[in-house]
Protein chains: 2
Amino acid sequence: MKAVQISRLTTNRLSLYLRCLSLLQEAGVKTVSSRELADQFHLNSAQIRKDLAYFGEFGVRGVGYYVPELKRHLIKILGLHKQYNVLIVGAGNLGMALAGYQGFYTGGFRIVALVDSSEERVKALSGTGQPVYPTRDLKRLVKRHNINIAILAVPPQSGQQALDAVYTAGIRALLNFVPVRMKVPEDCEMVTVDLKVQLESLAYHLARSDASPSRDEKRRKRTGARPVARGARG
Amino acid sequence: MKAVQISRLTTNRLSLYLRCLSLLQEAGVKTVSSRELADQFHLNSAQIRKDLAYFGEFGVRGVGYYVPELKRHLIKILGLHKQYNVLIVGAGNLGMALAGYQGFYTGGFRIVALVDSSEERVKALSGTGQPVYPTRDLKRLVKRHNINIAILAVPPQSGQQALDAVYTAGIRALLNFVPVRMKVPEDCEMVTVDLKVQLESLAYHLARSDASPSRDEKRRKRTGARPVARGARG
DNA sequence: TTTTGTGAACTAGTTCACAGCT
DNA sequence: AGCTGTGAACTAGTTCACAAAA
């Protein structure tokens, strides 16, 4: 147990561990060692032990970790014992899709509404039935539904404006899909998913592999990418 | 110019530089220094010079970088002078949305088709008019449309199967939204976007800030997160 | 003078390796 | 014997700081 600042790399891995533990629990597995977990993720077992050790001593020497117990701890650590109400800002293609994306509805996350500045999108319903409200209702919605997370899915030119609006309404956590650099207040947590950047990283690699066909041993020695083809599953 | 393996962190930044250069070019700016670029991204200017130096000497001492020239170089480096034909696997909420997401249609990326295993989704059209084909057409589609990138947007239990199928069809670059660990062949580039993990990292921070209200100076000393509130824009 | 390109220094993140508990 | 928790060693990534070019 340290008093260190936890890096995002660590918290992201904790999410993966949790997901894995849920599967193990469903499968009736009672204990798991850091080594077994590591094999699932192509990680080093010390990495896993270190990640967990930031938050306490959850393991038993000679045994490993008790699956339900560690799962409980991770849920607590990640704050997933609470309910999170999510607002989507921007009801275009992406916003609407995210509203319907089933992956969000497990755990304590619930998408309660969308807002959009275009009158014609307002009063439409998302695929799963959430209503779309005009942007002017933002503050009221946040209060009424106790919203604590916003997903930004507006066009680039409205990015900063949308951020400012949700911040003013009291939201302090953002999942951002807008490919624009924005001013983010100190006390506001934002993670950005930039799909274009991800696609371009694929283009980069495709262009390389076309250009230099077969230098297999040299290629991709250490890109931080996946080492591949060992213990699969998730 | 080095013969080093380029990290994904670097290539991702190159995409951002390119985006910024496009804006500068539109604004009629002729030259830009690494310092000016750095200010846009809350980066260190040496970082930018190093990133670029991996690929050549594009700058002019005492001047900076010529915007159109550097832009041209970055397009070449990232392989964006070529056309990329994209196939979306899985025509559920997310798949359909990604098909309609305008952000993909700039640069050389073009979504040419979707496939889905469910007969009832087949023959539907995506929002922007791409047809949905049955999975058995995959190989034929890849050949016919010269597809080189696949986006995986299937349910978790079909993830590996979908990956195997597109690999067999000849695709070597994947943008993966499936939250499952998969076996990826050596010569296949995959970037994974795990939305659940991102949301959970927000939950983590929200849970912290609720728990310990006001330790402002200590908080977030170095999480690799954004330093905030300096030169904005994108 | 200004700003690049880059070795050297530093910081963050990962892995090793082992003492210590069960 | 087996496996955790952790300091030490290592590797990757970032920033400093400066010689060299324009």
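Letters go in sequence order (proteins before strands), and every chain restarts at 1.
- Ring centroids of A:Phe109 and A:Phe104 are separated by 6.0 Å or more, keeping the two rings apart.
- Here D:dA20 presents its P atom at 14 Å from CD of B:Glu57, a figure rounded to the nearest Å.
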N/O contacts under 3.5 Å, protein versus nucleotides 16-20 of chain C?
| residue | atom | partner | partner atom | Å |
| --- | --- | --- | --- | --- |
| C:dC16 | OP2 | A:Asn44 | ND2 | 2.8 |
| C:dA17 | N6 | A:Arg49 | NH2 | 3.1 |
| C:dG20 | N3 | A:Arg61 | NH1 | 3.2 |

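- The environment of CD in B:Gln83 is crowded: more than 12 heavy-atom neighbours from other residues, nucleotides or ligands sit within 6.0 Å.
- For the pair A:Leu52 CG and D:dG5 C1', the computed distance is 11 Å after rounding to whole Å.
- Here the rule is side chain to side chain contact (heavy atoms under 4.5 Å, CB included) with A:Leu98, and of A:Ile88, A:Ile111, A:Leu175, A:Asn93 only A:Ile88 fits it.
- No more than 12 heavy atoms of other residues, nucleotides or ligands sit less than 6.0 Å from atom OH of A:Tyr66.
- Listed by residue number, there are no residues of residues 28-37 of chain A with a heavy-atom contact under 4.0 Å to DNA chain C.
- Seen from the ring of B:Tyr167, B:Arg172 counts as a face-on cation partner, given the 6.0 Å and 45° thresholds.
- Residues B:Arg181 and A:Gln40 form no side-chain contact, since every pair of their non-hydrogen atoms from C-beta on lies 4.5 Å or further apart.
- A:Tyr66 has no side-chain polar atom (N or O) that falls below the 4.0 Å cut-off from OP1 or OP2 of D:dT4.
- A ring-centre distance under 6.0 Å is not found for A:Tyr65 and A:Phe58.
- Ionic pairing of B:Arg208 and A:Glu189 is not present here: no N-O contact between side-chain nitrogen and carboxylate oxygen is shorter than 4.0 angstrom.
- Following rounding to the nearest Å, A:Leu70 (CG) and D:dT4 (P) show an atom-to-atom distance of 11 Å.
- Atom C1' of nucleotide D:dA12 and atom CZ of B:Arg13 are separated by 12 Å, given to the nearest angstrom.
- Between the P atom of D:dA12 and the CD atom of B:Gln5 lies a distance of 11 Å, rounded to the nearest Å.
- Rounded to whole angstrom, the span from the CD atom of B:Gln47 across to the P atom of C:dT11 amounts to 16 Å.
- Distance A:Leu9 CG to D:dG13 P: 11 Å, rounded to the nearest Å.
- Computed from coordinates, the A:Asp51 CG to C:dG13 P distance equals 11 Å when rounded to whole Å.
- A salt bridge is defined here as a Lys NZ or Arg NE, NH1 or NH2 lying under 4.0 Å from an Asp or Glu carboxylate O, and A:Arg19 with B:Asp194 meets this definition.
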